Each structure stands twice: as structure tokens, then as C-alpha cells.
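In this text the structure is predicted, and so the values were computed from the model without any measurement. Side chains are part of it too, since the values below use all heavy atoms of this structure and drop only hydrogens, waters and symmetry mates. Just so it is clear: chains get the letters A, B, ... in the order the sequence lines come, proteins before strands, and each one is counted from 1.
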Number of protein chains: 2
Amino acid sequence: MRPVKVLEHVVPIGALAERTGVKVETIRYYEQVGLLPEPERSEGNQRRYGRAHVERLAFIKHARDLGFAVESIRTLLRLSDTPGMACDEAHAISAGHLKEVRDKIARLRSLEAELARIATVCSGGVAACDCAIIEALADHARCEHHNH
Amino acid sequence: MRPVKVLEHVVPIGALAERTGVKVETIRYYEQVGLLPEPERSEGNQRRYGRAHVERLAFIKHARDLGFAVESIRTLLRLSDTPGMACDEAHAISAGHLKEVRDKIARLRSLEAELARIATVCSGGVAACDCAIIEALADHARCEHHNH
DNA sequence: ACTTGAAGCTATAGTGACTATAGGTTGTAG
DNA sequence: CTACAACCTATAGTCACTATAGCTTCAAGT
């Protein structure tokens, strides 16, 4: 049996990137801002990640995909590291973020309606248009979008 | 009749900010990046804006509120400055932006569903939760959100 | 053993669209 | 004439990366 020189779960940064779908540069960035702990290094000073890093980075990736801010993720990670952790706080972060997402959706729907209106004004051919889109943008008074 | 020292439509930057709802710093920024032309200056080197500036800044504000990128606005302004302008191009920019907004809405709705699911897992009391939100984030396999 | 080339390293600057700060000057009302 | 708000420039900071330059290390092939 050959000596186990490289454990299956000890991987360089490129492999970690491939496994988690997070870019190499982004991984180094997460380390820099303290989201991902500093890993061991090879003799030649290259990063070597273990199973714990893979899991932690997967957590971060999933949370980022869901739109959580890095600051929120930092808190969530801290909570998950705490043994008898405060579930309330995690719930609050999650609920707060859900509210933000819903607000953003509402705002975008309002924009969508206004943009659709503007876009159709000009679709009737060159005759009516000199140019209706430009005019719609210039003339706020005629705007049905009142969020602002 | 008193001499018309200050025309009603020649205003300092603060008044322009108030009229358009754009912050003073942002106005200077727009000038810096070439969206808003450099205005006349007072003897003491302070900016003095005329009616044209008010209108142009209102256009920019409206377009930004609608989520157009500064780069798109630059193009739209160029088009609106052209006499026999290319309405097609304005229409394309507008339609492209509408598509972006719709894509963004779709993505956010997917996030919303997943977040709502995660948030409810934990709402049944402390018993079931150690902590379900953290677990949901850690365990991507159980995730119903498949955009990523 | 040696070469080559991909993958890794650090440090720094750039992105978009502002926002904030420091430290100075001007305009105007009392 | 004195306060003081409003203005000025220049520079740095925000967020979450992304890109670049100029190196070193690793692993596979000859």
C-alpha cells in the first residue's frame, strides 16, 4: 500500500473552487475578510483545505446565492459555531432578509409597469415617435410610477 | 425696477439639489463623469445652473429611478441631443432594461420562496429547532432553489 | 534529472454609483 | 463687519467582488 501522501479531503484552492462553485479569487477574498478561516499551508506556502472548509464555504455560497449580505453571513456563522446558539437571532436575520427581498420585488414590479408603458408608447411606428421614450423620461409629470 | 441680479432660473447647486431631489454630492459626481455639462461659475467660482440644467438633471433622475445604468443614460442623453435621432436605439435600450428588470424579478421570486420555506421551518418553537435555519443554509441538498 | 506549463502566491487597483470626510473659500443676513 | 450656512476641491470609503502584474510552486512528461 502506498503512503497516503494526499488525503482525499485535503485539497488545493482550485479543487475547493471547483467543488463549491466559488471562484479562487473569491475564496481568497473570503479568507481576507474573515469569513473563511486561514487553512494550513503546503511546504511551498500553498493553501490546503480540509473537509471543514468545504462545508463552511458551501454554507457561505448558499447564503450568498440567497442574497444574504456578507455581514449577515458572518453572524450566522458565528451562531452556528456557538453550541447552545440563539436560534431567535438566526430567525430574525432570515425574516429581515425575506422582508428586504419582498420590498425589492415590489419596487421592481412598479418599475416594470412603468418601463412597459414607456416601451409601448414608441412601438407604433416612426410616425408617433420623436421620440416618445425620451419624452417619457424627460417628462416626469406624465409618469405613473410614484415610488419616488 | 431693481436690476435683475439673480435670474429666477439661475440657481446655485443647493437649490438645484432641492428642486430635483438629487443630492449635491451626486450632482457634482454627475458633472465629473460627464452626464451633466459643466455650468457657469460665479465670480467666487461657485456653480450657477440654468433652466437647461434643471431639465437635464430631472431626466437623469427619472431614468436612474427607473434603474437605468449611468452608461445607458449617457446614450439616451446623446440620442436626445441629436436632432433626427435614432428612436430605435432608445427603444432597444428601454426594452433591454425591461428584460433585465423582469429577469431580476423572477430571480427574486425564487429567492423569496426559498427564504419563506427556510423561515417557517423554525417558527414552530424552540423544540424542533437546533437550528433549522442554519441547517437549511448548510445543507444545500434539501434546497428547492435551483437557480444556482 | 530536467523542462514546461498550469496552478498557486501576494499586493494592488478597478468596478458602479455614489457617500463621506477634511480643510479650505464664498455668499449673505443681521 | 461678523457669523455662519453653503459652497469648493481632493481624496478615501462603501459592497462584494474581479482583474492585473509579477512572481513561485507543483506535477506530469521526456
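Distance from the side chain of B:Arg64 is smallest to C:dA17 among C:dG27, C:dA17, C:dC9. Comparing D:dT9, C:dG27, C:dC9 by their nearest atom to the side chain of B:Ser42 picks out C:dG27. Closest approach to the B:Gln46 side chain among D:dC7, D:dC17, C:dC9 is made by D:dC7 (side chain taken as heavy atoms from C-beta onward). Checked against D:dC26, C:dC18, D:dT9, the side chain of B:Thr26 finds its nearest nucleotide in C:dC18. Distances were taken from every side-chain heavy atom of B:Pro12 (C-beta onward) to each of C:dG8, D:dC7, D:dA16; the shortest belongs to D:dC7. Ranking D:dT9, D:dA19, D:dC26 by closeness to the A:Arg48 side chain, first place goes to D:dC26. Comparing C:dC9, C:dA20, D:dA16 by their closest approach to the side chain of A:Val70 singles out D:dA16. The B:Arg28 side chain lies nearest to D:dC8 when the options are C:dT19, D:dC8, C:dC9.
Comparing B:Arg47 and A:Tyr29 by the nucleotide of DNA chain D whose heavy atom lies nearest to each, the residue mapping closer to the 5' end is B:Arg47. Each of B:Gly44 and B:Phe68 lies near DNA chain C, and the nucleotide nearest B:Phe68 is the one positioned closer to the 5' end.
When atom types are taken as modelled, the side chain of B:Thr26 and the backbone of B:Val22 share no donor-acceptor pair closer than 3.5 angstrom.
Taking OG of B:Ser80 as the reference point, atom CD1 of B:Ile73 lies at 11.5 Å (rounded to 0.5 Å).
Between B:Ser72 and B:His97 the shortest side-chain heavy-atom distance does not fall below 4.5 Å. Using a 4.5 Å heavy-atom threshold, the side chains of A:Val11 and A:Arg48 count as separate.
Atoms CZ (A:Arg41) and C1' (C:dT10) sit 10 Å apart, rounded to a whole Å. Across the protein-nucleic acid pair, A:Ile27 atom CD1 and D:dT18 atom P stand 12 Å apart, rounded to whole Å. Rounding to whole angstrom units, CG of residue A:Leu57 and C1' of D:dA16 are separated by 15 Å. The interatomic distance linking B:Leu35 (CG) with C:dG16 (P) rounds to 13 Å, in whole Å. As rounded to whole Å, 12 Å separates atom C1' of C:dA7 from atom CD of A:Glu18. Distance, B:Tyr30 OH to C:dA17 P: 9 Å, rounded to whole Å. Atom-to-atom, CD of B:Gln32 to C1' of C:dT19 comes out at 13 Å; the value is rounded to the nearest Å. One atom, CG of A:Asn45, and another, C1' of D:dC23, lie 13 Å apart when rounded to the nearest Å.
By the 6.0 Å contact criterion, CD on B:Glu25 is enclosed, its count of non-hydrogen atoms from other residues, nucleotides or ligands being greater than 12.
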